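Structure first, commentary second.
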There are 2 protein chains.
Amino acid sequence: MARDDEIGDQEQSSIAEQRREQIIAAAVTLFSERGYFQTTIEDISNAIGVGKGLIYRYFKDKNDVLLSALCSVLRGNQQENSMQQLSTSGPIATLRKILANSCAMAHENTEAVILAYRSTKDLMPKQRRQVKDIELGIARDIELCLDACISAGLMRPLDVRIMAFQYIMLGHTWALKHWALRNNYSMESFLAEGERLLLLPFLTAAGRRKLAAENKKRQTLAGEKKAAPPKQSGRAPR
Amino acid sequence: MARDDEIGDQEQSSIAEQRREQIIAAAVTLFSERGYFQTTIEDISNAIGVGKGLIYRYFKDKNDVLLSALCSVLRGNQQENSMQQLSTSGPIATLRKILANSCAMAHENTEAVILAYRSTKDLMPKQRRQVKDIELGIARDIELCLDACISAGLMRPLDVRIMAFQYIMLGHTWALKHWALRNNYSMESFLAEGERLLLLPFLTAAGRRKLAAENKKRQTLAGEKKAAPPKQSGRAPR
DNA sequence: CATGCCTGACTGACCAGTCAGTCAGGTTTT
DNA sequence: AAAACCTGACTGACTGGTCAGTCAGGCATG
């Protein structure tokens, strides 16, 4: 039915691989909305208009669907990060990009982030390990970047492991506490305040100079593309 | 069977109220361990050595048990905080106490914190509101304390709402990411680094003086009770 | 014997996972 | 080119099992 009209942006060729992706996509949506245990395999198969039995051609069992869904979610933002990890711009720019990506990702996939916190424990221990290793990988990347800033004299020495998790948690907080924050902040203002809390205070004089220079450059370079660099946070009225 | 031998430390008089507490305690433990959907009502009743039907004398249905369990968990640390909110010592000391309580609570009730993140969505919308209101109350308390610090000139102005959630999330992070942090940090070293990230950088000169004075006083006052005030974080080897 | 705490067998709904069977498309044979 | 044959993706009725919630009856106490 709707098989041929939505391919084209997919790089995966194999038709079987496409089905797999399709199932995972539906699973992420449904698990996010209703939770793992309140979603039946039939819900998933109905969502993509196939029979129940077909799911079991592609996945061992329901738990296997969950594992794939969670991995897909987690890898979603790991990729975005590591792509630009040792980017051409300096380590401070990279750090900012990490914060920005983390928030943007949490903004667009709020439900998926929540799903990860909700359902990781429903996996078997070995699968849980797998999911955690992905997150550790993300943390490691951030640590490297922080280390780079510190040894370049741009940032004061600090515990990079804990700071890395603070960086990760900034985006997660935006997703997990959206019910308390969304009314009062835009994602941009939240991110700006995040930088003010997790980046600015730890820069050395040199680091601050670098940051200012980057801001200036970006301002001139981008011209009028965006009015002003985020400066004031949108504090809530009440 | 095991009905009479474990009462006595309970201050609640009504025998019915005691049963309720007993059920909630068992529910918190079991839900934490296995999750809401993988815990049966019979599991709970067996855990306290009563029949299944009895649970329904005290709770409308299984969901009602979950609500009570979650509220019990959340109220656990709200109380501890607000007790000392407008404490006799200054607002900075209070702020530190909030961080310390948050971490200590997360340390002792790791599973319960995780439970809250896992299962709040399994409540009905109205009940969910209830749980969130409790957390908003906690945030409000912290905001007040931050405001007090700022208007006393001890802390530089910042967005107190977001900072309040950073404070809450510090403890939650200790619980949620314990699998990555517990090997490398003691709760004390984590807390110390937390202060270094979320308190110290935002103090004014006056604030830092105040903090130093408090540390000194506590050091002399407590004598040799504890060797040194936390100074170096225990960064991990690998 | 009456009151009320308590029990656990029972019911009905629900669902993961299975499997015999269908059918559209391709390949070989005539 | 037509007929016979094959393949494997796909279906959905079915099974076996689980569990929330009920209720008739048990037991203890006053």
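Computed from a predicted structure; not experimentally measured. The chains referred to below are lettered A, B, ... by the order of the sequence lines, with proteins before strands, and numbering in each begins at 1.
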Judged by modelled atom types alone, do [X] and [Y] share a side-chain donor-acceptor pair under 3.5 Å?
X	Y	value
R182(A)	T110(A)	yes
Y58(A)	D64(A)	no
D159(B)	Y185(A)	yes
S32(B)	T29(B)	no

Starting at atom [atom1] of [X], determine the distance to atom [atom2] of [N], rounded to an integer number of angstrom.
X	N	atom1	atom2	value
F31(A)	dA16(C)	CZ	C1'	12 Å
I55(B)	dG21(D)	CD1	P	12 Å
E42(B)	dA20(D)	CD	P	8 Å
I44(B)	dG21(D)	CD1	P	11 Å
Y36(A)	dC14(C)	OH	P	19 Å
N63(A)	dG17(C)	CG	P	8 Å
I41(A)	dC14(D)	CD1	P	21 Å
Q22(A)	dC10(D)	CD	P	9 Å

- Starting at the 5' end of DNA chain D and moving along, which residue's nearest nucleotide shows up first, R57(A) or G53(A)?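 Checking each residue's closest nucleotide, the 5'-ward one belongs to R57(A).
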Could you tell me whether [X] contacts a base, only the sugar-phosphate backbone, or nothing, with contacts defined as non-hydrogen atoms closer than 4.0 Å?
X	value
S45(B)	nothing
L54(B)	base
Y58(B)	sugar-phosphate

- Query: Side-chain donor or acceptor of K62(B) under 3.5 Å from a matching atom on the base of dG21(D)?
  - Reply: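 A donor-acceptor contact between them is absent.
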- Item | Candidate nucleotides dT11(D), dA9(D), dG17(C), ranked by approach to the side chain of K52(A) - the nearest |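 Selected nucleotide (nearest to the side chain): dG17(C).
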- Query: Do K121(B)'s NZ or CZ and the ring of Y117(A) fall within the cation-pi criteria of under 6.0 Å and 45°?
  - Reply: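 Because its charged atom misses either the 6.0 Å distance or the 45° angle limit, K121(B) does not stack over Y117(A).
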